[in-house]
Structure formats: structure tokens, C-alpha cells
Amino acid sequence: MTSRTCPCGLPRSYDACCGRFHQQGAGAPTAEALMRSRYSAFVKGDTGYLLRTWHPRTRPERLELDPRMRWTGLEIVDSTDGSAFHTTGTVTFRASYRGGALHERSRFERVDGAWVYVDGEFLD
């Protein structure tokens with residue numbers, strides 16, 4: 001993966017994919033797009049974006065990322081609802097990192113029309 005390729009795994013440049021959400025303030029159109037953009041924000045170390053896209057009800061006061069963490073890939077396993085026609089959705093994914101993987105089912109809701117991350121359930 002080159003530095004210009006989006007970390008989320010879609011075959012687009014970072015600027016045309018998740019970068020437009022991170023840098024231009026555009027809202028992700030689906031729960032899956034938000035999940036992908038949040039994964040890319042973890043890769044890039046963009047805590048501001050992660051906090052902005054976290055549901056106010058569950059958002060931590062601050063977020064400290066481990067600078068040694070090296071994310072290596074994202075696989076979307078399943079998604080339910082989460083389109084422009086829904087108010088809630090879930091995305092099940094596997095995020096690989098050097099030394100392991102995180103398998104989670106994340107819940108998303110719309111707040112004032114924008115998709116936000118609510119919480120997640122770790123899976124085996």
C-alpha cells in the first residue's frame with residue numbers, strides 16, 4: 001500500500017476517499033463509510049476526527065493513541081442498515097495490526113443527520 005492509497009482498503013487515493021472526511025469536514029454518507037474513515041483516522045493518528053465522530057453519549061473526554069501501533073489492514077465482514085435511509089446501523093469488521101487483529105461489531109447512529117460511532121462489541 002503506498003502512502004497515497006487510502007488505508008481503509010478501498011482502491012482510491014486517501015484524498016478522494018477517507019481524507020475528504022478527515023480534512024474537509026464532509027460527512028460520511030453511510031455507517032460503513034464512517035467505519036472505514038475511523039479506521040483510517042486510527043492509522044493516521046487523527047484523534048480529533050475520532051472524537052468528532054463519536055456519539056456524545058459514549059465519547060470519552062480524551063483519546064490517547066499508542067504511536068507504536070501499526071495497523072495493517074481492514075476487512076468488512078458484515079453490515080446491517082446504516083444507509084441514507086436508516087437512523088442506525090452496525091458494521092462488523094476485522095482490523096489487523098502488527099501482531100494480531102481486532103474483531104468488532106460496531107454500532108452507529110445518526111445525530112443531527114450525521115453518522116457517529118456509538119460503541120462496539122468485541123468478537124472472537
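In what follows, every heavy atom counts, from backbone to side chain, and hydrogens, waters and symmetry copies are set aside. Owing to the predicted nature of the structure, the values given are computational and were not obtained by experimental measurement.
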task: Using the test salt bridge (Lys or Arg N to Asp or Glu O under 4.0 Å), find all partners of Glu104 that sit at least two apart in sequence or belong to another chain.
output: none
- request: Would you check, one step at a time, whether the test side chain to side chain contact (heavy atoms under 4.5 Å, CB included) holds for Thr87 with Glu109?
  value: CA-CA 6 Å; Thr87 56; Glu109 291 180 11; over 6 Å; no
- line: Applying salt bridge (Lys or Arg N to Asp or Glu O under 4.0 Å) to Glu61 and not counting sequence neighbours gives none
- prompt: Between the side chain of Ser40 and the main-chain N/O of Cys18, is any donor-acceptor distance below 3.5 Å?
  reply: no
Point-to-point distance, once rounded to the nearest 0.5 Å, from NE2 of His22 to CZ of Arg20: 11.0 Å
- prompt: Does Lys44 pair with Asp46 as a salt bridge, N-O distance under 4.0 Å?
  reply: no
message: With heavy-atom distances below 4.5 Å as the criterion, would you say the side chains of Cys17 and Cys8 are in contact?
response: yes
- prompt: Quick one: does Asp124's side chain get under 4.5 Å of His103's, heavy atoms only?
  reply: no
query: Can you list the steps and then say if Arg107 with Glu121 is a salt bridge (Lys or Arg N to Asp or Glu O under 4.0 Å)?
result: CA-CA 8 Å; Arg107 292 187 321 123; Glu121 169 189 2; over 6 Å; no
- prompt: Can you tell if the side chain of Glu64 reaches within under 4.5 Å of the side chain of Thr47, non-hydrogen atoms only?
  reply: no
query: Can you tell me if Ser96 uses its side chain to pair, donor with acceptor, with the backbone of Ala101 under 3.5 Å?
result: no
task: Please write out which residues are connected to Val111 in a hydrophobic cluster, directly or through intermediates, given that two of Ile, Leu, Val, Met, Phe, Trp, Tyr count as joined at side-chain heavy-atom separations below 4.5 angstrom.
output: Val116
message: Is there a side chain to side chain donor-acceptor pair (under 3.5 Å) between Thr72 and Arg98? Walk through the geometry before answering.
response: CA-CA 7 Å; Thr72 59; Arg98 193 176 302 148; over 6 Å; no
task: Under 4.5 Å between side-chain heavy atoms, chaining through other members, with only Ile, Leu, Val, Met, Phe, Trp and Tyr counted: pull out the rest of the cluster around Phe122, sorted by chain and number.
output: Phe21, Leu34, Met35, Tyr39, Phe42, Val43, Tyr49, Leu50, Leu51, Trp54, Leu63, Leu65, Met69, Trp71, Leu74, Ile76, Val91, Phe93, Tyr97, Leu102, Phe108, Trp115, Tyr117
field: Residues forming a salt bridge (Lys or Arg N to Asp or Glu O under 4.0 Å) with Asp78, sequence neighbours excluded
entry: none
query: For the side chain of Arg70 and the backbone of Pro67, is there at least one donor-acceptor N/O pair under 3.5 Å apart?
result: yes
message: Give me the atom names and distance for the closest heavy-atom approach of His86 to Gly82.
response: ND1-N, 3.4 Å
- prompt: Thr90 and Thr80: side-chain donor and acceptor closer than 3.5 Å?
  reply: yes
query: Taking atom OG of Ser13 and atom CZ of Arg4, what is their separation to the nearest 0.5 Å?
result: 9.5 Å
- prompt: Side-chain contact, heavy-atom cut-off 4.5 Å: Leu10 with Arg36?
  reply: yes
- prompt: Just by distance, with hydrogens left out, do Thr58 and His55 show a side-chain donor and acceptor under 3.5 Å apart?
  reply: no
field: Partners meeting side chain to side chain donor-acceptor pair (under 3.5 Å) with Arg110 (sequence neighbours left out)
entry: none
